[in-house]
Amino acid sequence: MKVRLISPANLELDEAIRYYDHQLPGLGFRFFQEASAAIERIRLMPEAWTKVGARTRRCILKGFPYALLYVIETDEILIMAVAHLHRDAEHYKDRIM
């Protein structure tokens with residue numbers, strides 16, 4: 001199944017990569033690798049992760065305080081947010097279905 005990040009999620013991914021790269025050169029790339037691995041896990045087993053809304057699920061990244069919030073559609077999986085786990089959940093509320 002195809003996986004697509006909606007625009008706000010793509011911006012959040014880019015922001016997190018820049019943040020981690022600023023903290024330690026190469027760490028941003030490690031974050032990107034883990035986010036990519038999580039996307040692949042979601043693609044292979046989309047219903048394996050916890051529901052956080054009627055249709056939204058959450059896959060927590062390994063080694064980073066982030067989760068991917070996603071929705072399974074008929075022909076694709078939409079990543080709705082690259083959510084920092086310590087950020088106020090209100091920030092993502094309008095993207096949780």
Side-chain angles (χ1 to χ4, degrees):
M1 188 176 285
K2 180 182 170 186
V3 178
R4 180 170 59 93
L5 279 78
I6 67 168
S7 183
N10 203 30
L11 292 172
E12 291 162 348
L13 177 63
D14 289 345
E15 181 182 294
I17 291 168
R18 281 193 305 274
Y19 170 80
Y20 282 115
D21 224 23
H22 181 74
Q23 298 303 306
L24 180 68
L27 190 57
F29 182 68
R30 285 183 31 210
F31 178 83
F32 174 76
Q33 286 179 311
E34 175 49 32
S36 296
I39 289 170
E40 183 63 12
R41 290 191 300 272
I42 291 168
R43 189 183 70 74
L44 293 173
M45 299 176 294
E47 295 185 16
W49 283 272
T50 305
K51 281 189 170 185
V52 294
R55 296 182 50 220
T56 305
R57 293 178 180 270
R58 177 184 68 196
C59 177
I60 297 175
L61 273 60
K62 296 177 183 174
F64 293 93
Y66 278 83
L68 302 180
L69 303 179
Y70 66 96
V71 174
I72 304 167
E73 296 289 343
T74 304
D75 58 344
E76 69 181 344
I77 298 167
L78 297 176
I79 306 291
M80 305 302 285
V82 178
H84 192 289
L85 297 176
H86 299 275
R87 189 174 212 172
D88 185 4
E90 286 291 316
H91 180 77
Y92 311 105
K93 184 178 180 180
D94 62 331
R95 290 183 261 164
I96 296 175
M97 300 178 181

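Values in this document were obtained by computation on a predicted structure and should not be read as measured data. For this chain, numbers begin at 1 and follow the sequence in order.
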Participant: Which atom names give the shortest non-hydrogen contact between A38 and C59, and what distance separates them?
Facilitator: CB-SG, 4.1 Å
Participant: Which residues pass the side chain to side chain donor-acceptor pair (under 3.5 Å) test with R43, not counting sequence neighbours?
Facilitator: E40
Participant: Can you find a heavy atom in the side chain of E73 that is under 4.5 Å from one in the side chain of K2?
Facilitator: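 Result no, sub-4.5 Å side-chain heavy-atom pair not found.
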Participant: Any carboxylate oxygen within less than 4.0 angstrom of a Lys/Arg side-chain nitrogen, looking at E34 and R41?
Facilitator: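 A salt bridge is present here (some side-chain N lies under 4.0 Å from a carboxylate O).
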Participant: To check you understand the geometry: which heavy-atom pair defines the closest contact between D21 and G26, and what is its length?
Facilitator: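 It is OD1-N, 2.9 Å.
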Participant: Distance from L68 atom CG to L78 atom CG, nearest 0.5 Å?
Facilitator: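 Spacing of CG (L68) from CG (L78) equals 13.0 Å.
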Participant: Is F64 close to L27 at the side-chain level, that is, under 4.5 Å between some pair of heavy atoms?
Facilitator: yes
Participant: I'd like to check R58 versus I60 (side-chain heavy atoms, cut-off strictly below 4.5 Å). Are they in contact?
Facilitator: yes
Participant: Does F32 CZ have over 12 foreign heavy atoms under 6.0 Å away?
Facilitator: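 No, the 6.0 Å shell around CZ holds no more than 12 heavy atoms from other groups.
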Participant: Locate the shortest heavy-atom distance separating I72 from R55; write the atom from each residue and the value.
Facilitator: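 Shortest heavy-atom contact: O-NH2, 3.6 Å.
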Participant: Can you list the steps and then say if E12 with H84 is a side chain to side chain contact (heavy atoms under 4.5 Å, CB included)?
Facilitator: CA-CA 9 Å; E12 291 162 348; H84 192 289; over 6 Å; no
Participant: Is a side-chain donor or acceptor of R57 paired with a backbone partner of E47 at a separation under 3.5 angstrom?
Facilitator: yes
Participant: Just checking F31 against Y19, ring centres under 6.0 Å apart?
Facilitator: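 For F31 and Y19, the ring centres are not under 6.0 Å apart.
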Participant: Looking only at heavy atoms, which two atoms of I77 and P46 are closest? And how far apart?
Facilitator: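 Reported closest heavy-atom pair: CD1-CB, 3.7 Å.
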Participant: So if you build clusters from Ile, Leu, Val, Met, Phe, Trp, Tyr with side-chain heavy-atom gaps below 4.5 Å, do I39 and M1 land together?
Facilitator: yes
Participant: Can you give me the closest heavy-atom contact between I79 and I42, atom names plus distance?
Facilitator: CD1-CD1, 4.2 Å
Participant: With hydrophobic residues grouped by side-chain heavy-atom distances under 4.5 Å, do V82 and F29 end up in a single group?
Facilitator: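 Linked within one cluster.
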Participant: Using a cut-off of 6.0 Å, state whether more than 12 heavy atoms not belonging to Q23 lie near its atom CD.
Facilitator: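 Count over threshold, so yes.
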Participant: Looking at residues at least two apart in the chain, or sitting in another chain, which of them share a side chain to side chain donor-acceptor pair (under 3.5 Å) with R4?
Facilitator: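 R4: side chain to side chain donor-acceptor pair (under 3.5 Å) contacts with E76.
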